[in-house]
Amino acid sequence: MKRIKTMLIVLAGVFMLCGCTKSNIIRGESDLPPLSSEGIVWDQVWEDFQDLYGDEARYPFIDSVNGTVNTEEKKLRLFLLLDEEISAEEGAEYATEAIKGFNDLISDQNSDYERSSDDSYGGYVSQYEIYVMVGEEDTKMDKNCWLLEDTIPAGEYRPVNPEAAPKVTE
């Protein structure tokens with residue numbers, strides 16, 4: 001009798017296990033943002049960049065910050081739009097700070113890239129040609145009205161030039 005009970009328990013276990021052959025794992029869209037080949041979550045970098053450098057409490061003159069990174073051409077383009085007039089020197093200081101801050105957001109995600117310093121834009125950004133435009137939102141379509149437009153070659157460090165006039169083509 002004991003043997004029959006043991007056999008029934010074993011058979012019940014086998015039947016239960018056989019009923020669990022179907023996978024109940026749900027495969028769908030991941031909630032995690034995609035990583036780039038450099039180990040960077042670009043959506044997060046841009047969101048953090050806008051939160052930090054578009055913060056009107058910290059920078060009362062700013063309207064919006066935008067940009068692009070072209071990894072194939074090694075070009076970083078930043079567009080810093082103002083909602084009030086500031087001096088070219090203030091615009092250049094802000095742009096230099098924003099470039100360094102952009103690099104540091106990347107460095108926070110991937111420590112293989114050096115942070116910015118007093119004499120470097122940092123490990124990621126220094127690989128790129130940097131284009132920066134600073135102008136008022138209301139006149140962003142008119143280059144003649146921009147505060148400054150500067151291009152810094154890849155690997156070179158110098159602060160954004162407050163005298164870098166927009167290159168107007170007729």
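Worth knowing before you read on, the calculation uses all heavy atoms, side chains too, and leaves out hydrogens, waters and symmetry mates. Count residues from 1 along the sequence.
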For the residue pair Phe49 and Tyr53, categorise the inter-ring angle as parallel (less than 30°), tilted (30 to 60°) or perpendicular (more than 60°).
tilted
Looking only at heavy atoms, the pair that brings Tyr128 and Asn70 closest together is CE2-O, 3.6 Å
Could you tell me if Tyr59 and Glu97 have a donor-acceptor pair between their side chains, going purely by distance under 3.5 Å?
yes
With rounding to the nearest 0.5 angstrom, report the CG to CD distance, Asn161 to Glu89.
9.5 Å
Indicate yes or no: does Glu137 engage Lys140 in a salt bridge with an N to O separation below 4.0 Å.
yes
Is there a side-chain contact between Val69 and Phe102, using heavy atoms and a 4.5 Å cut-off?
yes
Could you give the distance from OG1 (Thr68) to NZ (Lys75), rounded to the nearest 0.5 Å?
10.0 Å
Candidate pair Glu90 and Ser87, rule side-chain hydrogen bond (donor to acceptor under 3.5 Å, both in side chains), full reasoning:
CA-CA 5 Å; Glu90 290 173 305; Ser87 71; 3.3 Å; yes
Out of curiosity, does Leu76 fall in the hydrophobic cluster containing Trp146 (side-chain heavy atoms, cut-off under 4.5 Å, transitive links)?
no
Keeping the roles fixed (side chain from Asp104, backbone from Arg115), state whether a donor-acceptor pair exists under 3.5 Å.
no
If you measure from CG on Asp150 to CD1 on Ile99, what distance do you get to the nearest 0.5 Å?
8.0 Å
Can you tell me how far the CG atom of Leu105 sits from the OG atom of Ser107, to the nearest 0.5 Å?
9.5 Å
Arg77 side, atom CZ; Thr151 side, atom OG1 - distance, nearest 0.5 Å:
8.0 Å
Would you indicate whether the side-chain heavy atoms of Leu81 and Met133 approach each other to under 4.5 Å?
yes
Is it possible for you to say whether Phe61 and Val132 belong to one hydrophobic cluster, with membership spreading through side-chain heavy-atom contacts below 4.5 Å?
yes
Return yes when atom CD of Glu163 has more than 12 non-hydrogen atoms of other residues, nucleotides or ligands closer than 6.0 Å, and no otherwise.
no
Has the side chain of Ser126 got a donor or acceptor atom that lies under 3.5 Å from a matching backbone atom of Gly122?
yes
Using the rule given for side-chain contact (heavy atoms from CB on, under 4.5 Å), can you reason through Tyr124 versus Asn110, listing the C-alpha separation, both sets of side-chain angles and the distance that settles it, and then say yes or no?
CA-CA 10 Å; Tyr124 189 85; Asn110 185 339; over 6 Å; no
Can Val65 be reached from Leu78 by stepping across I, L, V, M, F, W or Y side chains whose heavy atoms are under 4.5 Å apart?
yes
Where the side chain of Lys100 meets the backbone of Ser117, is there a donor-acceptor pair that is under 3.5 Å apart?
yes
Please answer: with hydrophobic residues joined when any side-chain heavy atoms are less than 4.5 Å apart, are Leu148 and Tyr121 in the same cluster?
yes
With side chains defined as the heavy atoms from C-beta onward, is the minimum distance between Leu82 and Ile62 less than 4.5 Å?
yes
List the steps and the verdict of side-chain hydrogen bond (donor to acceptor under 3.5 Å, both in side chains) for Glu149 and Tyr131.
CA-CA 7 Å; Glu149 178 185 41; Tyr131 168 87; 2.5 Å; yes
Backbone of Val41 reached by a side-chain donor or acceptor of Gln109 within 3.5 Å:
yes
Once side chain to side chain donor-acceptor pair (under 3.5 Å) is applied, do any residues pair with Glu47, and if so which ones, sequence neighbours excluded?
none
Would Tyr94 end up clustered with Phe79 when hydrophobic side chains under 4.5 Å apart are linked, directly or stepwise?
no
Could you grab the distance from atom CD of Glu136 to atom CD of Glu85, nearest 0.5 Å is fine?
5.5 Å
Please identify each residue that fulfils salt bridge (Lys or Arg N to Asp or Glu O under 4.0 Å) with Asp51, with sequence neighbours left out.
none
Check whether Asn103 reaches the backbone of Val125 with its side chain - one donor and one acceptor, N or O, closer than 3.5 Å.
yes
More than 12 heavy atoms of other residues, nucleotides or ligands under 6.0 Å from CD of Glu156: yes or no?
yes
Output, in order, the C-alpha distance, side-chain angles, deciding distance and verdict of side-chain contact (heavy atoms from CB on, under 4.5 Å) for Asp118 and Tyr157.
CA-CA 10 Å; Asp118 289 341; Tyr157 177 77; over 6 Å; no
